[in-house]
Amino acid sequence: MHGKVLVIDPIATNRIVLRVKLAASHYKMTQAGSIADAMQVLGQDVPDLILCATNMPDGGPLRLVQRMRKIGLAGKVPVIALSGAEDNAERLRLLAGGVDDVMQKPISDVLLLARTRSIIRAYATASEWTLREGTSRALGFGEAAAAFAPAQTVRIIARDPNCADPWAAALEDRIAANVTYAQPATAAADLEPGRAPDALLLVVGSNEGPQMLQLLATIRSQASTRHCAILVILGCDDTTLGAQMLDMGANDLMRCERSADELALRLNALLSRKKVTDALRDTVRSGIEAAVIDPLTGLHNRRYAMPHLARIAERATQTGKPFAVMVADMDHFKRINDTLGHAAGDAVLVETAHRLRENLRAVDLVARIGGEEFLIVLPGAGLSNARKAAKRLCRLIQSTPFKVPDQVARVEATISIGMTVVDPARGAKATEAQTPEALLDRADKALYGAKAEGRNRVTLSRPAA
């Protein structure tokens with residue numbers, strides 16, 4: 001099933017017609033003849049979409065939204081009003097009251113199905129981000145939203161500036177967003193990195209369908225514009241083109257003869273939803289980063305390092321290239337904490353992490369896996385190069401004393417490194433010997449040897465063969 005749809009209409013024939021149309025596209029259908037009946041259905045099974053006629057005996061779509069708000073479903077289940085008359089004032093009232101869209105009867109089957117797919121997809125995406133954000137908060141990673149956010153931006157895309165200017169002028173006093181203009185040929189190419197607009201307004205004139213469909217595909221395929229809200233203003237009565245635009249990723253659709261007030265209502269709704277989903281996405285991203293990043297040094301932590309080490313080992317087996325695993329530990333670190341305080345110890349750890357990271361390649365892994373212990377993995381490094389790299393790191397730590405808070409004199413520190421090297425070209429076959437845990441254990445044992453031999457040195461474990 002593609003989703004669950006609730007049809008609310010006092011006329012049984014209308015309900016049956018919609019049920020047949022949508023059931024043929026594999027939607028699970030439920031029906032109600034009044035708002036009261038619909039609330040009973042909602043109490044038993046929450047749908048993915050509600051289609052509600054405007055001529056209900058006990059209210060209408062706005063009454064439905066009000067009752068849904070009381071049970072916490074408003075904003076979670078989209079509502080499309082099905083109107084039997086062309087009434088601009090009624091359309092604006094419904095959109096302003098929280099209805100997601102108003103479709104006028106008779107409704108094109110193609111457009112109805114496309115709008116159903118589009119709106120269910122949009123709400124499902126928002127619901128998924130909400131779920132992930134809830135998980136992040138449950139894990140303790142969620143953070144309060146920032147009180148200040150930059151003004152949102154809207155870009156009007158039209159082939160002829162004369163078509164865009166009236167819409168831009170009309171939006172100036174109706175939305176709190178900066179409005180710019182671009183032609184289709186340059187709309188996606190001339191965006192500044194990291195400065196994609198929050199919403200795109202595609203003004204599609206006659207015979208512009210193919211070009212705009214291509215542009216829409218480009219927008220949705222590029223990482224910089226993938227999350228932009230898109231509203232299409234259709235300048236021709238082509239329901240097939242409208243359906244294609246929705247299926248290609250447009251969030252909303254309206255005809256060009258509609259009023260500027262309606263455009264502002266639809267655009268404000270999209271911008272509001274975009275702001276929420278962006279905040280949820282940022283919260284989830286922050287939660288993921290918090291789960292795998294050491295907050296003191298900014299390096300990856302053990303939770304990230306061990307699976308990454310497993311992938312490096314797997315890749316080495318596939319390519320036949322060697323790799324080195326090192327465990328580096330600060331020498332006599334407890335003495336620094338005990339004599340100078342934990343702030344000094346933290347400063348030494350932060351600077352050590354910086355030196356390690358700055359003196360290794362981008363492909364190398366550096367992670368903090370313990371209090372003063374670091375894991376270093378060098379993909380593609382054989383025994384000779386790995387040994388040279390490890391000795392260089394020891395010299396980098398020893399050669400320059402560390403500046404610490406509230407201390408005039410700098411602090412001298414050293415590290416010891418235990419290392420093991422895996423070289424598949426030497427005939428390594430035992431996968432158990434190359435598990436992250438086994439590799440870390442061998443490097444650890446080599447580290448014990450470095451400590452026993454006097455510290456500030458590199459000790460090699462038996463190369464894994």
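Everything numeric in this text was worked out from a predicted model, so none of it was measured.
Contact record, Asp423 with Gly320: OD1-O, 4.5 Å, taken as the closest heavy-atom pair. The minimum heavy-atom distance between Ala199 and Leu267, with the atom names listed, is CB-CD1, 4.1 Å. Nearest heavy-atom pair, Ile16 versus Gln31, reported as atom, atom and distance to 0.1 Å: N-OE1, 4.2 Å. Nearest approach of Met56 to Ser34, heavy atoms of both residues: CE-CA, 3.3 Å. Here the closest heavy-atom approach between residue Ala81 and residue Thr54 is recorded as CB-CG2, 4.2 Å.
Note: Leu246 CG to Gln244 CD = 10.5 Å, rounded to the nearest 0.5 Å. Between Phe323 atom CZ and Leu309 atom CG the span is 6.0 Å, to the nearest 0.5 Å. Atoms CE and OG, from Met248 and Ser118 in turn, are 13.0 Å apart once rounded to the nearest 0.5 Å.
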Is there a side chain to side chain contact (heavy atoms under 4.5 Å, CB included) between Asn268 and Arg174 once you walk through the steps? CA-CA 9 Å; Asn268 276 323; Arg174 289 179 169 88; 5.8 Å; no

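A salt bridge does not link Arg63 to Asp58: none of the charged nitrogens lies less than 4.0 Å from a carboxylate oxygen. Between Lys76 and Asp48 there is no salt bridge, since no side-chain nitrogen of the basic residue lies less than 4.0 Å from a carboxylate oxygen of the acidic one.
Across Leu6, Leu22, Asp45, Val5, a single residue satisfies side-chain contact (heavy atoms from CB on, under 4.5 Å) together with Lys28, and that is Asp45. A side-chain contact (heavy atoms from CB on, under 4.5 Å) with Arg266 is found for one member of Leu253, Asp101, Asn251 and no other, namely Asp101. Between Thr352 and the choices Met330, Arg368, Arg357, the side-chain contact (heavy atoms from CB on, under 4.5 Å) rule is met once, by Met330. For the side-chain contact (heavy atoms from CB on, under 4.5 Å) with Leu213, the qualifying choice from Leu202, Leu241, Asp247 is Leu241, the only one to do so.
Within 6.0 Å of atom NZ in Lys4, more than 12 heavy atoms from other residues, nucleotides or ligands are found, so the atom counts as buried in its surroundings.
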